[in-house]
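Taking it in order: structure first as structure tokens, then the write-up.
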Amino acid sequence: MMAAEEVILTFDDDALREMAHIAFLVNSEVENIGARRLQTVLSHLLNDFMFDIPDVIGANSQVVVTKALVNEKLDELVKNRDLSQFIL
């Protein structure tokens with residue numbers, strides 16, 4: 001969807017590791033749904049960006065996902081086990 005708006009999406013290696021770590025933690029503390037948890041983490045992380053294109057981000061731009069961004073977007077959700085169970 002981002003490519004359709006000519007937005008380039010990239011991930012830092014630390015961001016990928018952090019997303020995998022979050023998926024692992026939530027799987028170990030809630031219900032273990034395997035790799036599907038990683039998909040929900042990624043979906044939740046990128047949701048805001050999808051709605052911000054093209055109005056805020058704009059076409060022909062680049063979004064770089066960093067570890068800090070992953071923590072900013074997901075930290076509270078992961079800490080709240082009740083929400084994690086239903087959202088992640």
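- For Arg17, the side chain to side chain donor-acceptor pair (under 3.5 Å) test picks out Asp14, with sequence neighbours left out.
- With rounding to the nearest 0.5 angstrom, the NE2 atom of His44 is 5.5 Å from the CG atom of Leu74.
- Side-chain N or O atoms of Asn27 include one that pairs as donor or acceptor with a backbone N or O of Ile33 at under 3.5 Å.
- Applying the side chain to side chain donor-acceptor pair (under 3.5 Å) rule to Asn47 yields no partners; only residues at least two apart in sequence or on another chain are considered.
- Partners of Ser28 under the side-chain contact (heavy atoms from CB on, under 4.5 Å) rule, at least two apart in sequence or in another chain, do not exist in this structure.
- Under the 4.5 Å side-chain contact rule for hydrophobic residues, Leu9 and Leu38 share a cluster.
- Residues Leu69 and Leu45 share a closest heavy-atom pair of O-CD1, 4.2 Å.
- Here Ser43 pairs with nothing under the side-chain contact (heavy atoms from CB on, under 4.5 Å) rule; sequence neighbours left out.
- The side chain to side chain donor-acceptor pair (under 3.5 Å) search around Lys73 returns Asp48, not counting sequence neighbours.
- Leu42 is linked by a side-chain contact (heavy atoms from CB on, under 4.5 Å) to Phe11, Met19, Leu46, counting only residues two or more places apart in sequence or in another chain.
- What you find for Ala15 and Val65 is that their closest heavy atoms are CB-O, 3.3 Å.
- Evaluation of the side-chain contact (heavy atoms from CB on, under 4.5 Å) rule for Asp75 yields Lys79 as partners, not counting sequence neighbours.
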